[in-house]
Amino acid sequence: MVVGRSMAGKLSQQVWVGILVSFYILCISLFCLRYSTSLGANNVINLLVNKQVHPTCTMKINHTNSDSCLNRYIYIHDGLPARFNYDFLNNCESLSPRTSSSNKPSMCPQLVNLGLGPDVSKSEGVLSDKSWYKTNPHLLEVIFHNRMKKYECLTSNSNLASAIYVPFYPSMGVGVYLWDSNVEIRDASAKDFVKWISRQPEWRKMWGRDHFFASGRTAWDFRRQKDSSDWGSKLGFLPESLNMTMLIEGSEWKNDIAIPYPTNFHPTEDSEVVAWQNKVRKQERPYLFTFAGAPRPNLEGSIRGKLIEHCQASNNCNFLHCTEKICGMPITVMRAFQSSVYCLQPVGDSFTRRSAFDAFLAGCIPVFFHPATAYTQYLWYLPKDHTKYSVFIPAKDGNYLKEGRIENILLGISKEKGAAMREEVIRLIPKLVYADPRGRLKTPDAFDIAVQGMLDRIENVRKVMNEGRDPSADFAGLENDKFKFPDIHTGKCPQEVWFGILIAFALCFVLFSFDHSTSLSVDVLVNEKENPIRVLNFSHTKDSCSDRYIYIHDSLPARFNHDFINNCESLSAGTSMTNVPNMCPHLVNLGLGPKINNSDGVLSNAGWFVTNPYLLEVIFHNRMKKYECLTRNSTLASAIYVPFYPSMDVGVHLWDSNIEIRDSSAKEFVKWLSGQPEWTKMWGRDHFFASGRISWDFRRERDNSSNWGSKLRFLPESLNMTMLSIEGSRWKNDVAIPYPTNFHPSNDSEVVQWQDKVRKEERPYLFTFAGAPRPNQEGSIRGKLIEHCQASTNCNFLHCTEKICGNPITVMRAFQSSVYCLQPAGDSFTRRSTFDAFLAGCIPVFFHPATAYTQYLWYLPKNHTKYSVYIPVRDVTDLKEGSIEKILLGISKDRELAMREEVIRLIPKLVYADPSSRLETKDAFDIAVQGILERIENVRKEIREGRDPSIGFADEDNGRMEKPLAGKYYKEKWFGVLVSFFLFFVLLCFDYSTSMLGVYSGVNLLVNKHVRPFYLKDSCFGRYIYVHDDLPTRFNYDLLANCQSLSTGSKALSDQGANTGDNMCPHLVNSGLGPQIGKPGKVLANKSWFITNPYLLEVIFHNKMKTYKCLTNNSNLASAIYVPSYTGLDASRHLWDFDHNVRDASAKDLVNWLTRRPEWKKMWGRDHFFVSGRTSWDFRRPDNGSDWGTNLRFLPGSMNMSMLSVEGSCWRNDLAIPYPTNFHPSNDSEVVQWQNRVKKYKRPHLFSFIGAPRPGMQKSIRGKLINQCQASNNCKFVHCGSPGINCNDPVTVMRVFEKSVYCLQPPGDSHTRRSAFDSLLAGCIPVFFHPATAYTQYLWHLPEKHTKYSVFIPVKEVEDLKEGMIEKTLLRISKERELAMREEVIRLIPKLVYADPRSRLESEDAFDLAVQGVLERIENVRKVIREGKDPSVGFADEDWTKFMFPEAPEEY
């Protein structure tokens, strides 16, 4: 209901805007119609209405509407890191449940009942009997997430999804730091979130415009516009966030969409809603109106005080003065609202408040005072005609509310109108409540309407994109009028509007009369090369950052950078493991080190620090954070900076003798980096990082523990990156940048002042050398230099120790007092002292070109004579007595002054400015960045020109670091030239035109770009395997860490008793092999026998895979991809859980994670495999109500993978490999010894059976077997589980099998059992009764001709097993055949055991055969793809014949 008056009749600013907009729309429309002939009718129509066909639509040949979820599928980002949702719940005690930082303890009590809060159904008749809770509205995001988990149209395939829900808990995220004065801390989680989400493959589908999340706070809490503002985070203004939709109390931005506050009523079924509607419909309402709230004296413009005055002055009003205790109780609020006809709903701390929805729920007609409280926000929920369900009293501020006005207006509403409004309010109740996530309503509730609204919104975006329009134009735009107080009018169109339309039409008609056919460029409208959005940019401003944008890989795991800083006490600050304590004191001042405050006049007054050169990577990172052209969009970036701290990383293990440990972090780093989506843009050639160590520390060429350094720079991925380090190498992708000196100016004046100081410095010494001799370093000239210096009165020698030369004042004092500074090679070609000399204005004297000339090409002039003296010294003998002093004295004064001036001019280029400030002139950092941008641009140019970008990128250039010739060619060189010329002349005399390959073949062989110029046979070719080591630990290692929760057998842990030995922990020792058997009692060999739990096959296989000799960190080289998931252990945790969703959750998580990895897309998972210690049937629960197992193998992603398990299934992608026995040899001799041992055994029993009856299994033949065995003197029966008999004891089992000729192997709980492999290991010939127990399963491990190693007695039904049949069959077998079969069984032993993962056999074991089998399987799939056939055909097909009993078993 509207109460107000018409505004005055003069033209407002808005009217003129309306005229202008109308004018443009009319003109453009008429113009396009008139000139359709000049552009071509088809072009105009296409330009205006062409709908681009979605590429996937063309794939739908036969389309039916049978899928009720079509266009309603939603994909949940379950891979979202827990720090963005679940971690908040786990740390709920740190979250405040209210709106201030200190007024309430924790959120934990509110999280019960899936976020609905504590049950409050006992309400003295105020509420209904059930489904009422004390719900905290901030937990809307948790409630929404739990509802979404039960949404009927979820999909694990993001390509099928119409929308993507992100289970981010932004309210909790911002709530932790909302009152923190540091806005960086306040925004950290938001930035981290959008960075993560925008890097996922799903993002690129619509660049996030199909993504949405919910929040329990108002949108304003995430719309902080200034960094100086006290309130909120800036999540809503982050560029990536602008592409997503947030469901929340809305804001002026279109991508903030309002959904109802959660009330305290959460019904589980429709009848509860109807019952509640009937209850409030019959309610007696003695009060005309109610206000529940508190005054806001400090809130400017608040009308609450006036409302309270009105209410308290009226006998018709009920005022509930809210405190946390009073209005925090649902019963109190609902009692007040149910007793009133109207409920006053003014603006709260924001435009809306939860009370508005409590009023609806109580059947109380809301009275609004601002349209944004409901009308302009909840458009998906409330009728457009707000007079049907509410009263509107416009009150811009308290002055609008005259005494008694509210009561008078409400009394003026007729009884009929009031009843109609109340009925509409009650009708709306189902739409405004959130049903209990554990139940489901048939009518749409607030959640359902929100989801439908989102799907419609995203579909509209798709429509815009399909029509070729810019989807961003209207997606997150600003709606300024949404929250403005309106000018109230009577509902008629004012005269001003009609006047505006008339003027616009008249102007358009006049312009339309002109002929513009020749004045407008057709190309502008239809040129396909023109960006349609750019056409609208009438003025174009040049982007100063164009071609200079850099993207920082801030998502780099902290173990590669920040963790080193946090553990700085473990890092050495020097060049040896023990000579300097830790790095911590050097990390202050952003890595510059401690500030030097008093230098006795040697240094300037500001900008000097005691800087450790190894911290260049930290200084560089801090400088990069302030780089003016950073971007969060990696597609815009010209270069990608990786904030890796390689010096710190290698420094931890540089002295470790174990090179695997030394290289481990480097391998992890390149593996992580190459797995990121940014990598594939240029395969890493646009990536760079900085190092405070020399390149040689990362160039270990041999895997010999005595060799120095790590092999980071020889890893294939690392070869594609550029490293900026304090000293380069002979490889072109190692680029030298200056050592950091101790001078880090914060402004240009400090640089100029320092230049002036060193320019005026008195220099009493001709030359100086600061250093120490290197007596153990072959070829070092330091000793000679020291002799020269000490022999001259013109030289100042500073004998360096850590204490002396570690002090910047001492070094700079010496260099400032000298004209020339001697700079021989140090431990490597360059040393920091070189740059200290430049800084002191001391002319450097070099003895090798690699000390400066061939390295610092971005910094030093090409003509090195302008700034330095070069004295070539090939070896120590070249340095004659007094030669240095003579050379320096021979330099003229003019040249000396010119060189010094050039040295001083270079100073700004060689220092790194303080990261907390910025120079106008370019410093060493700026030049490094410019150099890297140019280098990467050159690579792009190579790619654009169709050339191979790898050529020249990381090539070796030995000339760069070689000693030069001292000005003349040696005789050897001339001799080499002469011999080369002679040989060339001789070879030229031959005619090769018809020999060998022919001319063209020879040319092709030499120049064909597809042929590798140097081909060496790779023993691992076709056998490389990539291990998904980045698999989240919840899928493997976390299970081992919580081994006490894992069952050791086929029963739930709770059914096994309280004995700690019943859990899996004791079995995990020895790499999963279990406890070693110490006393084998002459039954087993002396070692390599363990009590192995067969369910741990997946752990054993993983540990074996870690030592596989053909592993690769480059998934592109891999022939197969191994997923180290412990699916059997994972499934066992919930295998007995009645809730299928709980049971299947981890399986879905695993598949979701894998299908999002870049490796998946190579063959869409058909090159992936994993291993399980359970049978395949445990992962094949059909959707027909079956109680057993998970549905892992029926998930679409899983169907594309191969699973190796102890028993296969009738699906071809489930492959059987042997159960692990208890024998795990560590070398081949142990296998041979065991084979010889079982070969010699005396076998007094004709046959034996170890097992127990299965009375509950109708078709089990075990009972019959036991009867026949017990009836025969030739049979040994061991009753498993009977008192005193432990069939899990290998000694018990092997003792019987070793004494038997034949071992009966009927099906167990499934077709196969571990006992079959124990009998083969004991040299006991197995007797099978069903082909699926071995013949149709273990095809990689057992001979195709099963009669060579086993006996088959076909028993299809129990009745088929006639009395005495087994003994008679076995007695008929000749001795010769028996011996031949046993020999074959013994020969098979190596193939059926899993060797100890800590060692390696020369012969192939069960692991090796499994790997070879899976490689061949995947290669066959590749062959199918190469032949253009469908790889899915036959890959995971169902083949029931595999487990069917043959038609003619006697011939099988």
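This is a predicted model, so every value here is computed, not measured.
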Are any of the side-chain nitrogens in Arg83 or Asp192 under 4.0 Å away from the carboxylate oxygens of its partner? yes

Under 3.5 Å, is there a donor on one side chain and an acceptor on the other for Asn157 and Thr155? no

Cationic tip of Arg1180 within the cone over Phe1194's six-membered ring, i.e. under 6.0 Å and within 45° of the normal? yes

Donor + acceptor pair across side chains of Tyr169, His145 (<3.5 Å): yes

Are His77 and Trp203 near enough that their ring centres are under 6.0 Å apart? no

Rounded distance [0.5 Å steps], CG in Asp256 versus CZ in Phe222: 9.5 Å

Determine the interplanar angle of the Phe168 and Phe84 rings, folded into 0 to 90°, and report it as parallel if under 30°, tilted if 30 to 60°, perpendicular if over 60°. perpendicular

Look at the rings of Trp1160 and His1168 and say which category their plane angle falls in: under 30° parallel, 30 to 60° tilted, over 60° perpendicular. perpendicular

State whether a side-chain donor-acceptor pair under 3.5 Å links Asp210 with Tyr165. no

Please list all pairs meeting salt bridge (Lys or Arg N to Asp or Glu O under 4.0 Å) that have one or both residues in residues 70-79, counting only residues at least two apart or in different chains. Arg72-Glu152

In this structure, which one of Arg685, Met721, His553 forms a side-chain contact (heavy atoms from CB on, under 4.5 Å) with Trp679? Met721

Going by atom types alone, do Ser665 and Asp649 pair a side-chain donor with an acceptor below 3.5 Å? yes

Could you label the plane-to-plane angle of the Phe144 and Phe212 rings as parallel, tilted or perpendicular, counting under 30° as parallel and over 60° as perpendicular? perpendicular

In this structure, is the centre-to-centre distance between the rings of Phe1169 and Tyr1122 below 6.0 Å? yes

Sequence neighbours left out, what passes salt bridge (Lys or Arg N to Asp or Glu O under 4.0 Å) with Lys1148? Give chain and number order. none

Result for side chain to side chain donor-acceptor pair (under 3.5 Å) between Ser1209 and one of Thr1175, Asp1178, Asp1214 points to Asp1214

Residues Lys191 and Glu240 bridged, charged N to O under 4.0 Å: no

Quick note, salt bridge (Lys or Arg N to Asp or Glu O under 4.0 Å) partners involving residues 1096-1107, not counting sequence neighbours, are Lys1104-Asp1405

Taking the six-membered ring for Trp, is the centroid-to-centroid distance between Tyr1026 and His1028 below 6.0 Å? yes

Is there a donor in the side chain of Ser555 and an acceptor in the side chain of Arg199, or the other way round, less than 3.5 Å apart? yes

Should the ring pair Tyr1037 and His1102 be called parallel, tilted or perpendicular, given that the plane angle runs from 0 to 90° and is split at 30 and 60? tilted

Salt-bridge contact Lys671-Asp1030 (side-chain N to carboxylate O under 4.0 Å): no

Are Phe1101 and Phe1407 an aromatic pair, judged by ring center distance below 6.0 Å? yes

Ignoring hydrogens and geometry beyond distance, is a side-chain donor-acceptor pair present between Ser1202 and Asn1213 at under 3.5 Å? no

Pairing donors with acceptors under 3.5 angstrom, does anything connect the side chains of Arg1193 and Ser1176? no

